[in-house]
Protein chains: 4
Amino acid sequence: MAGPHPSTTDSRHTPRGRIDKRNAILEAAFAVFARDGYAKASVDAIADAAGVAKPTVYNHFGGKEGLFRQAVSTTAERATARSLAVVHGLGSDVDDLAHALREVGYRLLLCYTSEEAWALRRLLHAEISRFPDVFDTVRGSGPDQFSEALADRLARLALAGRLRLEDPVRAAEQFVALLTGPVEGRSALGTRPVSDQELRDTVAAAVETFTRAFAVPRGRLGDGPSSGQEAAL
Amino acid sequence: MAGPHPSTTDSRHTPRGRIDKRNAILEAAFAVFARDGYAKASVDAIADAAGVAKPTVYNHFGGKEGLFRQAVSTTAERATARSLAVVHGLGSDVDDLAHALREVGYRLLLCYTSEEAWALRRLLHAEISRFPDVFDTVRGSGPDQFSEALADRLARLALAGRLRLEDPVRAAEQFVALLTGPVEGRSALGTRPVSDQELRDTVAAAVETFTRAFAVPRGRLGDGPSSGQEAAL
Amino acid sequence: MAGPHPSTTDSRHTPRGRIDKRNAILEAAFAVFARDGYAKASVDAIADAAGVAKPTVYNHFGGKEGLFRQAVSTTAERATARSLAVVHGLGSDVDDLAHALREVGYRLLLCYTSEEAWALRRLLHAEISRFPDVFDTVRGSGPDQFSEALADRLARLALAGRLRLEDPVRAAEQFVALLTGPVEGRSALGTRPVSDQELRDTVAAAVETFTRAFAVPRGRLGDGPSSGQEAAL
Amino acid sequence: MAGPHPSTTDSRHTPRGRIDKRNAILEAAFAVFARDGYAKASVDAIADAAGVAKPTVYNHFGGKEGLFRQAVSTTAERATARSLAVVHGLGSDVDDLAHALREVGYRLLLCYTSEEAWALRRLLHAEISRFPDVFDTVRGSGPDQFSEALADRLARLALAGRLRLEDPVRAAEQFVALLTGPVEGRSALGTRPVSDQELRDTVAAAVETFTRAFAVPRGRLGDGPSSGQEAAL
DNA sequence: CATGAATGAGTATTCATTCAT
DNA sequence: CATGAATGAATACTCATTCAT
C-alpha cells in the first residue's frame, strides 16, 4: 500500500516540500541580495532563482524586508557556527603556543575571507542604516558569541600562565584586528583574490606581534623572565 | 554702504555661482547617497537638497553614476587629507614615544570615527561590486598614501632606534588595525555613538600592545624594563 | 434568472479577459501610434486608451518597440486580408472585362483609402528607418502576397485570351499604380476626404488606360483588335 | 581702401556670415530631421551639426516648429526645381516619342529616387498630421507645379497629334504613377538601393504602357492604330 | 497554499525653451 | 546677436505588492 508519508521527491503539499521551498528561497535570496544589494535586488529575481512564484515568497516571508532579515540571519548563523568551531579548537594546554595561535588564526582567517562572509559583511555595511535590528541580531548571535568564546580561551591561557593579559576581551579584539585588518584592504573588501601565502604571512605577522605583546616566555626555569612587563603595566 | 556691484553671495549666473552650485550638488549628493545608499538615493532628492533643478545635475555630472563617483572621490580626498596631516605630525625625535603614538592614534581615530568617514566606508562597502573603480580610486588616493606615510614615519622611528621592526608597512597596517578594529564593532559601524573615553581606552590599549611588540626600551642604564621582550625575540 | 456563472462580459481575470485586454491594447496602440507617430506616442496614453495599467502593457509586449511591432503587424494583416479577398473575387471568366476590372479596382481603392490603410502607410513611411524589419514583415505578409495574387489573376486572364501581357507582375504593379497613384496626392496622404465620385473616376481612368494598353479586343468578328476601345471613348 | 563689404571669411557680424549660418542650420536641420524624424530629432543635435549654439537656432527660426517648416520647405523647393527642369526638357516636336518619354521618365525617376527626395517624402508622410500646412506648402510649390507643367507638355503633344488624350492632368498623374509606383515597393521606400537597370526597366515598362494607351501611331499609312505596338513586342 | 495577472507608485533621463552675459 | 547655463515638463520603464483562481 502507499505509505502515508509522501515521497521526498513529491514536494507538493508536504511539510518537506514546504521546507525545501523555504530553504531554496532563503538561499536564492541571500545570493541575489549579496549580488545586487537590497534596493536593487528584485523579488522577481529571487523567486526565479528559487524556482517559485513570487507570491510564494510573500506567503513565506511577508515581503522583501522579512525575506532580507531571514536570509541574512540564517546565513550569519551558519557563518558564526563555523568560526565558533574554530575557536573551540584552541585549547589551553598547547605545547607550542605560537603554533597553536597560527593554526587557529589561519582557520579563522579562512572563515573571514570566505565568499559568503565577505558578502555578509558587505550587506551589513550597506544596509545597517535601513536594518539596524538585523545588525544587532547578527552581532548578538555572531561576533559577540565569537568574541566571548575567544576571550574565554585567551583567559584560560592566561590562567595557564601562557599569556600575560589584563583584559581578555580587549586582547581577543586585538587578535582579531591583527588578523583581519590587513586583509581587508589587500583583498578590496573581498572582491579580489588573496593568495594563500599572503593569508599565511598575515597570520604569522599577527601572531608574532600578539605573542611579543602578550606571550609569557617559556624559559627552562620557571621564573618569570619578563617581570619587567608587569612593571610596565 | 552696499556697493552697486553684486555681492559675492549673489551667485546667479556668475562663474562663482557655477562652482557654488557644483559644490552644493556634490555635498548634497554625498549626504543623500550616505543616507539612502546608491540604489535608493534619488537624483530628485539630491537636486532638491542642493537647491538646483534636476537637469543641472545631469549637466554637471552626466548622470547618477558620474555623480556618485565624483561625490565619493571628493569626500574621500578630503578625508584622506585630514588623516595624512595627522600622520605627518608624528616626528621621529619624540621624547615619550608611547605618548606620541597615543596622540597620533587618538587623532587618527577621530578621523576614522567621524560621521563622514563612516558614511564613506559604508558606501564603499555597499557599492564596491557596482563601482570597483571607485574603490580603487579612493584606495589609491587615500589609504594607500596614508599607509605609506605612516610606514615612513615608523621606518624613521626604527632608524632612530626607537622601534624594532622588520616590515614598516606591515607594522603600519597592524597599528591601524589595533586602533580601528575594536571600534568597528563597538560603534555598530558608526551608527551608534562611542564615548570619547572608550576611544581613548582603545587608543591606549592599541599603543600598549604596539609598543610592547615593537618599542625599544629606553633606559639610561642597560637595565631595560622590558628586557624580557628582547629575550623573547 | 441570472446564472451564477460569470457572464461572458465579465472579463475580469478570465483567459477571455486576458485576450480582450491584449486586443484592447493593440487597438489603442495602433490608434495612438497613428495619431502621434512612434516617438511622440506615449505608453501612458496607450494604456489609458486601452483602459489598462501601464505595466500591463509591458507584461504583454515587453516595451514600446514590441508593442509597435505587434500593433502594426496585426493591423497590416487585417488590411492585407481584405485586399486579398477582393483580388480573389476577380475571376478569369468574366464577361465584361473592363467592368470586372472597375469593380475590383474600386473595391481595392476602398481598401487602399480606408482610414486604417492610410494610417498604416503613414506609420510605415515614418518609421521605416527605425523599424526596417517591420516594413519587411508587413511587406512580406501584405503587398507581396497581394501583388502575387493579382499577378496570378492577370496571368489567368492572359491565358484566357483576354489580356495581352508579357510580365504579369509588372502589369499588376502598374494596375495598382494607376489606381492608387492619383489618389495619393488628391487626398493629401489620406488626411483629406476624397469623394466617392472622384474615386470612381480614378478607377475608370485607370481601367481605361490599363485596358487600352493590355486588353484583347472582343469583336463579334475576329477583326481589328482595338476598334472597340476607340468607340468606347 | 578697405572695401566696405566684409570679407567672406570673416563671418562675425556680417550679413554673409549670418546667411552662412542660417544655411548651415537649415542643412543640418533637414539632415537630422530626415534621420531621426521630427519628434526624436533634438535641437541640440541640429545646433551641434550646424556648428552653432542652441539659442542661435532660436534666434533664427523661433523654435523647433519653425525650423522644421523652413528646412522642409527649402529642401522641397530645391527638389521641385530639379523636377521642373526635367519636365521642361520635354518638347512637343520630338521625333521618337517613346524615346523622349523614356528620357524624361528616367530623369524624373532619378529625381524621385534621390536620397533627398525619399527623405523629404518620408518626413512629409510622417508629419503630415502635425504639419498639414507644410504639406500644402510643399504640394503647392512642388508637385502641383510639376504636375501642371507635365500636363502642359502632354497637352501640347496631344495638340501636335502625337498623343490621344482627353484629360492631360489625369494622363500626367498616370504617367508619374506608372513611373514611380513600382519603385516605391521595390526600394522599400528608399531605404534599399535599386539598380540602375531596374530603374530603366521600370521606365521602359511605364512608357510602353503609356504609349500603348495614349500614343498616336505614326505609320506612313493611316492603318491600324496599335498594330505597330504588337510588332514592338 | 501556489500561481498568473494586474496595478500604483516611483525613478533616471531627455529636451525644448529661456535667461543673463 | 551668439552663447553657456539652468530649468520645468514629460516619458519609458521597473518593482513591490495584491487579487482571484
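Every chain is numbered from 1, with letters handed out A, B, ... down the list of sequences. Just so it is clear, the model here is predicted, and its values are computed rather than measured.
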Taking the side chain of [X] as heavy atoms from C-beta outward, which of [options] is closest to it?
X	options	result
B:Lys54	E:dT7, E:dA12, E:dA5	E:dA12
D:Tyr58	E:dT18, E:dA5, E:dA12	E:dT18
A:Pro55	F:dA16, E:dA5, E:dA12	E:dA5
A:Asn59	F:dA16, E:dT3, F:dG4	E:dT3
A:Val52	E:dT3, E:dA16, F:dT7	E:dT3

Notebook entry, point to check: Counting only Watson-Crick or G-U wobble pairs whose two distances fall under 3.5 Å, which nucleotide matches E:dC15?
Noted result: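 F:dG8 is the nucleotide pairing with E:dC15.
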Checklist line | Base-pairing assignment for F:dT21 (Watson-Crick or G-U wobble, both under 3.5 Å) | finding: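 Per the H-bond distance test, E:dA2.
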What is the distance from [atom1] of [X] to [atom2] of [N], rounded to the nearest Å?
X	N	atom1	atom2	result
B:Asp44	E:dT13	CG	P	12 Å
C:Ile25	E:dA5	CD1	C1'	11 Å
C:Asp48	F:dT11	CG	C1'	13 Å
A:Phe61	F:dA16	CZ	C1'	16 Å
B:Arg22	F:dG4	CZ	P	18 Å
A:Ile46	F:dA16	CD1	C1'	11 Å
A:Lys64	E:dA9	NZ	P	19 Å
A:Phe68	F:dA16	CZ	P	14 Å

Note to self: Any salt bridge linking B:Arg69 with B:Asp133? Criterion: basic side-chain nitrogen under 4.0 Å from a carboxylate oxygen.
What the structure shows: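 Answer for the salt bridge query: yes.
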Note to self: Strictly below 4.0 Å, N to O, side chains only: are D:Arg130 and C:Asp36 in salt-bridge contact?
What the structure shows: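 Looking at D:Arg130 and C:Asp36, the cut-off is not met.
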Margin query: Under 4.0 Å, counting only non-hydrogen atoms across every strand here, what does C:Ala45 touch: a base, just sugar-phosphate, or nothing?
Written below: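 If one applies the 4.0 Å heavy-atom cut-off, C:Ala45 turns out to touch nothing in the nucleic acid.
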Check: How would you label the contact of C:Ala41 with the nucleic acid (heavy atoms, under 4.0 Å): base, sugar-phosphate, or nothing?
Finding: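 The answer is sugar-phosphate, as C:Ala41 gets under 4.0 Å only of primed atoms, P, OP1 or OP2.
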Item checked: Residue closer to the 5' end of DNA chain E, B:Tyr38 versus C:Ala53 (nearest nucleotide) ->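 Of the two residues, C:Ala53 wins.
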Checklist line | N/O (side chain, A:His60) to phosphate O (OP1/OP2, E:dC1) under 4.0 Å | finding: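 No, A:His60 has no side-chain N/O under 4.0 Å of OP1/OP2 on E:dC1.
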Next item on the list: Respond yes when some side-chain nitrogen or oxygen of A:Thr56 is under 4.0 Å from OP1 or OP2 of E:dT3, and no when none is.
Entry: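 Checking E:dT3 against A:Thr56, a side-chain N or O does come within under 4.0 Å of OP1 or OP2.
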Item checked: Minimum heavy-atom distance B:Val32-B:Ala41, with the two atoms named ->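 Looks like CG1-CB, 3.8 Å.
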Note to self: Would you say CD of C:Glu116 has more than 12 non-hydrogen atoms from neighbouring residues, nucleotides or ligands within 6.0 angstrom?
What the structure shows: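 Above 12, so yes.
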Note to self: Quick one: does any side-chain atom of B:Lys64 pair with a main-chain N or O of B:Tyr38 as donor and acceptor, under 3.5 Å?
What the structure shows: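 Present.
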